[in-house]
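Contents: one structure, followed by commentary.
Worth saying up front: this structure is predicted, and the values here are computed from it rather than measured. Side chains are part of it too, since the values below use all heavy atoms of this structure and drop only hydrogens, waters and symmetry mates. A, B, ... follow the sequence lines: proteins, then strands. Residue 1 opens every chain.
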There are 2 protein chains.
Amino acid sequence: MSAAGPRPVSIFDVAKRAGVSHQTVSRVINDAPMVAAATRARVKAAIADLGYRPNRSARTLAGGAVRSVTVLTTDTSLYGTAETLRGIEDAARDAGFSVLISVMDPARVYSEADVLERLPHDGAPAIVIAHDEVTAGAMQALRERQPGALVATGGEHLGAEHDSADWRVLLDDRTVAARATRYLLSMGHKQVHHLAIPGKASRQTGWSDALADAGITRPEVVHSDWSIGAAAEAAAVLVADPSVTAILCGNDDLAFGVLHAAHRAGRSVPGDLSVVGFDDSPLAAYHVPPLTTVDLDFRGVGRGAFDLLRHKLEGGPDPRPSWRSPELVVRETSGPPRQ
Amino acid sequence: MSAAGPRPVSIFDVAKRAGVSHQTVSRVINDAPMVAAATRARVKAAIADLGYRPNRSARTLAGGAVRSVTVLTTDTSLYGTAETLRGIEDAARDAGFSVLISVMDPARVYSEADVLERLPHDGAPAIVIAHDEVTAGAMQALRERQPGALVATGGEHLGAEHDSADWRVLLDDRTVAARATRYLLSMGHKQVHHLAIPGKASRQTGWSDALADAGITRPEVVHSDWSIGAAAEAAAVLVADPSVTAILCGNDDLAFGVLHAAHRAGRSVPGDLSVVGFDDSPLAAYHVPPLTTVDLDFRGVGRGAFDLLRHKLEGGPDPRPSWRSPELVVRETSGPPRQ
DNA sequence: GTCGCGACCGTGAGCGCTAACATTTCCTCG
DNA sequence: CGAGGAAATGTTAGCGCTCACGGTCGCGAC
């Protein structure tokens with residue numbers, strides 16, 4: 001029942017077979033120069049014959065270039081997180097890096113040691129997708145311990161945005177939240193309410209900005225967690241109030257919860273109530289009715305985060321941001337208030 | 001711009017500090033017996049003082065117990081995949097394993113070498129989430145190369161279910177697909193159509209089984225890919241046909257696409273058309289109207305896959321399946337046909 | 001011819017850890 | 001009170017690879 005089997009073929013086996021030294025084999029598998037074409041071919045043939053595969057552990061241990069990233073996050077099932085992870089993975093694969101993933105429990109408390117334990121070794125490169133307190137904590141712990149090998153996305157609620165560009169990749173959701181709010185106001189709504197997700201303070205700030213600009217007294221923020229059910233519940237009160245005509249939601253899932261609640265309360269959308277989400281998840285366009293929301297390029301952010309990390313590790317020219325800016329996508333859950 | 005810094009503290013540094021040999025430190029960090037309590041405490045103190053973290057690469061290289069799994073999959077954003085991954089990660093973390101993730105491109109062709117390259121070393125344990133051709137191919141390649149260190153979920157379209165229980169974790173979606181179909185028939189529908197996702201042949205088979213049992217001639221299957229948009233498009237024809245009163249969909253996303261198409265075609269649900277999904281994704285319960293679907297315990301399957309893998313690596317008693325069986329969840333997109 | 005200097009290739013050491021064995025310590029018991 | 005043995009610790013040899021060198025060879029310049 002064991003997976004033992006014969007010892008896997010090593011660089012020495014290949015060397016022997018090709019009649020060269022192990023070092024020459026190493027040069028070949030690393031595409032190093034200073035190897036004669038004929039030799040290279042011979043080694044490659046031996047590699048193929050023997051089915052040799054380099055051992056990553058040995059490679060990292062021997063102190064070659066770094067070839068792996070660890071991604072720290074809480075929930076890989078959430079759209080934003082999943083897409084970001086996907087973006088990181090894409091970029092990492094292109095660069096020949098392998099990706100480790102470490103999921104944290106949002107309900108637990110982690111010591112610095114707990115966080116460090118998740119890295120394959122001390123100082124190993126990491127990307128933190130910081131959409132909540134727990135990951136934001138991990139971000140800070142790693143920031144202190146190994147600033148040279150850390151990049152993060154999110155973590156807006158920590159402020160300190162001044163010095164962030166060289167280790168954080170952020171979407172400007174504050175500005176777009178303000179834009180979305182202004183859009184609702186421009187449709188004739190006298191007030192815009194906000195259903196907030198934990199951690200995304202910047203969206204709330206943007207909303208707040210726009211209301212302040214318009215001279216409107218900010219209503220109390222309604223808080224939810226990340227689940228649709230919680231959102232539906234939290235929204236029940238808002239939705240029952242006929243004076244509430246527009247709700248900006250922290251993300252699409254919350255918006256779906258609100259729409260559900262609105263439906264149950266017998267309020268029509270967008271006639272009685274306008275709802276705007278955040279994320280533009282795949283379902284938004286196909287919901288009935290299609291959801292007005294904000295397109296966020298999570299995948300681009302993931303790629304960007306990896307590019308930045310690699311830049312920090314290996315130097316080279318500054319990687320320029322390559323993700324789309326957030327954009328409001330108006331569909332059918334928003335419109336002028338009735339009357 | 002480099003992440004160099006001082007050399008991380010090693011087991012020898014700790015040993016020196018605690019006044020013991022490095023091997024004793026190794027015993028302590030591995031919770032091995034044969035260490036005096038006092039010594040153990042002294043070593044632990046030294047570890048804490050120095051902030052020592054074991055190096056996983058060195059550990060695996062030195063041939064200790066295996067402590068990592070690589071997950072091969074195509075799309076980490078899909079609900080089923082994301083949940084399965086999550087289940088694997090949960091179980092792996094509990095067991096002290098680290099999780100590597102390797103995303104494959106469903107549109108590419110992979111040689112066996114391409115697949116092997118994704119493992120950190122030859123013979124490294126892997127779990128394949130095989131929901132399409134590409135991952136099913138990877139599954140087969142690894143199956144041949146290292147049967148002792150491979151577990152898979154999915155891959156139903158390969159048949160050969162006979163010998164699978166010891167390396168494959170499968171949900172019985174065939175049976176439940178039949179049950180769902182019978183349910184629709186029992187509501188009075190004369191015919192049930194099927195919108196299929198690629199690769200999930202077993203769902204189609206179950207549907208087919210039920211129709212055959214009922215003596216109904218099986219209508220042509222409509223095929224879609226995994227995207228909601230494609231489903232909406234593919235469903236347009238079905239939905240336009242008033243004789244179509246019930247559609248069983250390959251997953252929830254497809255069902256949402258069908259609902260969207262039905263709405264655009266002006267057909268009411270469930271009055272004119274019953275729609276049943278597969279997966280019970282979080283949104284299903286909150287869709288308007290709430291979606292009738294099949295609850296699939298992907299997370300449990302992920303855990304089960306990991307448990308099985310660990311069993312294969314380390315022996316011990318057979319892990320018994322710990323996931324819920326698929327179950328039909330009737331909500332509001334299904335009912336008797338009108339008239 | 002011989003020096004020099006590339007291009008090419010090999011040797012040795014060591015990354016941080018564990019397995020296997022060797023050694024010491026200390027307690028038990030006849 | 002010494003033999004025996006278990007408990008506790010130390011020593012050595014690698015795991016597979018890369019780095020930093022050190023050699024060797026061939027060839028043009030003087």
Whole Å only: how far is the [atom1] atom of [X] from the [atom2] atom of [N]?
X: A/Tyr52; N: D/dC15; atom1: OH; atom2: P; answer: 14 Å
X: A/Leu50; N: D/dG16; atom1: CG; atom2: C1'; answer: 15 Å
X: B/Ile11; N: D/dC15; atom1: CD1; atom2: P; answer: 19 Å
X: A/Asp122; N: C/dC15; atom1: CG; atom2: P; answer: 16 Å
X: B/Asn55; N: C/dT18; atom1: CG; atom2: P; answer: 10 Å
X: B/Phe12; N: C/dC17; atom1: CZ; atom2: P; answer: 8 Å
X: A/Asp31; N: C/dC8; atom1: CG; atom2: C1'; answer: 17 Å
X: B/His121; N: D/dC17; atom1: NE2; atom2: P; answer: 11 Å

Ignoring the backbone of [X], work out which of [options] is nearest its side chain.
X: A/Ser21; options: D/dC17, D/dT11, C/dT11; value: C/dT11
X: A/Met34; options: D/dG10, C/dA7, D/dT18; value: C/dA7
X: B/Gln23; options: C/dC15, C/dT18, C/dC17; value: C/dT18
X: A/Val20; options: C/dG10, D/dT18, C/dC17; value: C/dG10

Closest-nucleotide ordering on DNA chain D, the 5'-leading residue of A/Leu61 and B/Ala36 | B/Ala36

Earlier contact from the 5' end, DNA chain D, for B/Ala58 and B/Val35 =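 Looking at the nearest nucleotide for each, B/Val35 comes out on the 5' side.
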
Check: [Y] main-chain N/O paired with [X] side-chain donor or acceptor under 3.5 Å:
X: A/His311; Y: A/Pro317; result: yes
X: A/Glu83; Y: A/Phe298; result: no
X: A/Tyr110; Y: A/Thr135; result: no

Does [X] make a side-chain N or O approach to OP1 or OP2 of [N] shorter than 4.0 Å?
X: A/Arg59; N: D/dT18; answer: yes
X: A/Ser26; N: D/dT18; answer: yes
X: A/Thr24; N: C/dG10; answer: yes
X: A/Asn30; N: D/dT18; answer: yes
X: A/Arg7; N: D/dG16; answer: yes

Base, sugar-phosphate, or nothing for A/Thr39, non-hydrogen atoms under 4.0 angstrom?
->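 Sugar-phosphate, backbone atoms only, no base.
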
A/Pro54 near the nucleic acid: base, sugar-phosphate alone, or nothing, with a heavy-atom cut-off under 4.0 Å?
-> sugar-phosphate

CZ/A/Arg320: more than 12 non-hydrogen atoms of other groups inside 6.0 Å | no

Does a distance-only test, which skips hydrogens and angles, find a donor-acceptor pair under 3.5 Å between the side chain of B/His22 and the base of D/dT11?
->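 Checked by distance alone, the answer is no.
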
Hey, is the side chain of A/Arg27 pairing donor to acceptor with the base of C/dG10 inside 3.5 Å?
->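 Checked by distance alone, the answer is yes.
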
Taking only Lys NZ, Arg NE, NH1 and NH2, and the carboxylate oxygens of Asp or Glu, determine whether A/Asp90 and A/Arg86 approach each other closer than 4.0 Å.
->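 Counted as a salt bridge, because a side-chain N and a carboxylate O are separated by less than 4.0 Å.
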
Measure the acute angle between the ring planes of A/Phe306 and A/Phe97, then classify it against the limits of 30° and 60° as parallel, tilted or perpendicular.
-> perpendicular

